[in-house]
Amino acid sequence: MLALIESQLTNFLIRFTYFALIFVLVIAGLGVPIPEDIPLLFSGHLCSKKHSPIADLQREAAESESHKPVQNVPNLYLMMLSGMIGVLMGDSVVFFIGRRGINGQNFVARHLRKVLHSKRRERVEHHFARHGNLTVFAGRFMPGFRSIVFAFAGMSKMSYPRFLLIDGAAAAISVPFFIWLGWHFADRFAQLESFLNRTKHIVGPIILGLLIMFALIYYLRKRRLDQKPEARSQ
């Protein structure tokens, strides 16, 4: 079943390229279980003039002298731009779902109701008031928690321009990187995909651990600085 879904996904990306990537990333952002790295990597693979499946179709059409039109190989930078648009659109939808509250029947609202009660909600809002920037930035790199973090950001009344700026800064790191990987290793794409599938269960927790460590250091340092004026006043 998973192989069938991946096959349909790759065919969709081959046929509609930029628009397909935007659409897939939007629905992935809404909680549909599609890892972002797979369509991003494959979209980069499509941009290779030598190894893209679209380039293969063009060569086949030329050899068979077929007059059936074949689309051009996508531009790498336009693909990166499309990836950014898709990611930010999906994240923005989740943000505004959180802004509207947790009483709806959508996927994200139901998840929020499972983990929130009034006191916990107050703590979340207080946390975002103090550490919202770091939390949103880190959330972009946490696939399992991303939607919840962004919904919390909307619920805590973080301003949308602030959210978009921070999320965009994080996406500007991850999105071009994965697309570039797919393009740069297009001649070894199957091996690259296999390697990432083997290592992501290790790399993900390491990245999460590093983010938590940096957040803890930041919190302890800020707390120590806040306590110094109090000590002087005494």
Side-chain angles (χ1 to χ4, degrees), residues 2 5-58 70-94 136-144 146-147 149-150 163-204 206-208 210-211:
L2 187 61
I5 293 172
E6 191 168 336
S7 173
Q8 294 297 324
L9 179 62
T10 54
N11 289 335
F12 184 53
L13 286 165
I14 289 171
R15 185 170 182 183
F16 297 105
T17 59
Y18 309 116
F19 298 106
L21 181 61
I22 292 172
F23 176 78
V24 169
L25 291 175
V26 168
I27 63 172
L30 292 175
V32 175
I34 301 173
E36 280 186 1
D37 55 339
I38 292 176
L40 288 172
L41 284 169
F42 188 73
S43 295
H45 178 45
L46 288 179
C47 297
S48 170
K49 294 188 182 299
K50 287 185 178 180
H51 305 287
S52 170
I54 295 175
D56 293 339
L57 292 173
Q58 289 176 333
V70 179
Q71 73 261 45
N72 294 323
V73 173
N75 179 275
L76 178 66
Y77 299 105
L78 287 178
M79 192 64 85
M80 289 180 178
L81 177 62
S82 300
M84 288 291 296
I85 291 170
V87 159
L88 293 178
M89 284 178 64
D91 295 349
S92 296
V93 171
V94 174
V136 169
F137 188 87
R140 174 107 286 281
F141 301 96
M142 296 188 291
R146 189 180 296 139
S147 295
V149 168
F150 295 159
F163 169 80
L164 198 61
L165 178 65
I166 299 163
D167 186 38
I173 297 171
S174 62
V175 171
F177 174 70
F178 277 108
I179 292 177
W180 177 85
L181 271 183
W183 171 80
H184 185 73
F185 294 100
D187 58 330
R188 291 160 283 169
F189 184 74
Q191 294 94 317
L192 172 66
E193 193 175 21
S194 175
F195 172 77
L196 289 175
N197 284 333
R198 289 197 310 270
T199 59
K200 67 182 178 182
H201 301 296
I202 302 170
V203 174
I206 290 173
I207 293 173
L208 180 58
L210 288 172
L211 289 170

(message) Can you give me the closest heavy-atom contact between Gly83 and Leu40, atom names plus distance?
(response) CA-CD2, 4.4 Å

(message) Quick one, Asp187 and Lys50 - any side-chain contact, counting heavy atoms below 4.5 Å?
(response) no

(request) Check Ala28 against Glu36 and note the closest heavy-atom contact, atom names and distance. (result) CB-CG, 4.4 Å

(message) So which atom in Met80 and which in Val175 form the shortest heavy-atom distance, rounded to 0.1 Å?
(response) O-CG1, 4.0 Å

(request) For residues Val149 and Val136, report the shortest heavy-atom separation together with the two atoms involved. (result) CG1-CA, 4.3 Å

(request) For Phe150 and Gly139, work out which heavy atoms get closest and say how close. (result) CZ-C, 4.2 Å

(request) Indicate the ring-plane relationship of Trp180 and His184, choosing parallel, tilted or perpendicular according to the 30° and 60° boundaries. (result) parallel

(request) Measure the OG-CZ distance between Ser92 and Phe163 for me, rounded to the nearest 0.5 Å. (result) 6.0 Å

(message) With heavy-atom distances below 4.5 Å as the criterion, would you say the side chains of Leu181 and Asp37 are in contact?
(response) no

(request) Working to the nearest 0.5 Å, report the span between NE2 of His45 and CG of Leu13. (result) 11.5 Å

(request) Decide yes or no for Val87 and Arg140: does some side-chain heavy atom of the first lie under 4.5 Å from some side-chain heavy atom of the second? (result) yes

(message) Is the shortest side-chain heavy-atom distance between Phe42 and Leu21 below 4.5 Å?
(response) no

(request) State, yes or no, whether a side-chain contact exists between Leu46 and Pro53 at a heavy-atom distance under 4.5 Å. (result) yes

(request) Measure the shortest side-chain to side-chain distance between Trp183 and Pro74 over non-hydrogen atoms and say whether it is less than 4.5 angstrom. (result) no

(message) In the structure I gave you, are the side-chain heavy atoms of Phe185 and Leu41 within less than 4.5 Å of one another anywhere?
(response) no

(request) Any chance you could measure Leu25, atom CG, to Met89, atom CE, to the nearest 0.5 Å? (result) 10.5 Å

(message) For the CG atom of Asn72 and the OG atom of Ser52, what is their distance to the nearest 0.5 Å?
(response) 10.5 Å

(message) How long is the straight-line distance from CZ of Phe137 back to CG of Leu165, given to the nearest 0.5 Å?
(response) 11.0 Å

(request) Give a yes or no answer on whether the side chain of Tyr18 reaches the backbone of Asn75 with a donor-acceptor pair at less than 3.5 Å. (result) yes

(request) To the nearest 0.5 angstrom, please state how far the CD1 atom of Ile38 sits from the OG atom of Ser43. (result) 11.5 Å

(request) Check Pro176 against Met84 and note the closest heavy-atom contact, atom names and distance. (result) CD-SD, 4.5 Å

(message) Under 6.0 Å between ring centres: does that hold for Phe16 and Phe12?
(response) yes

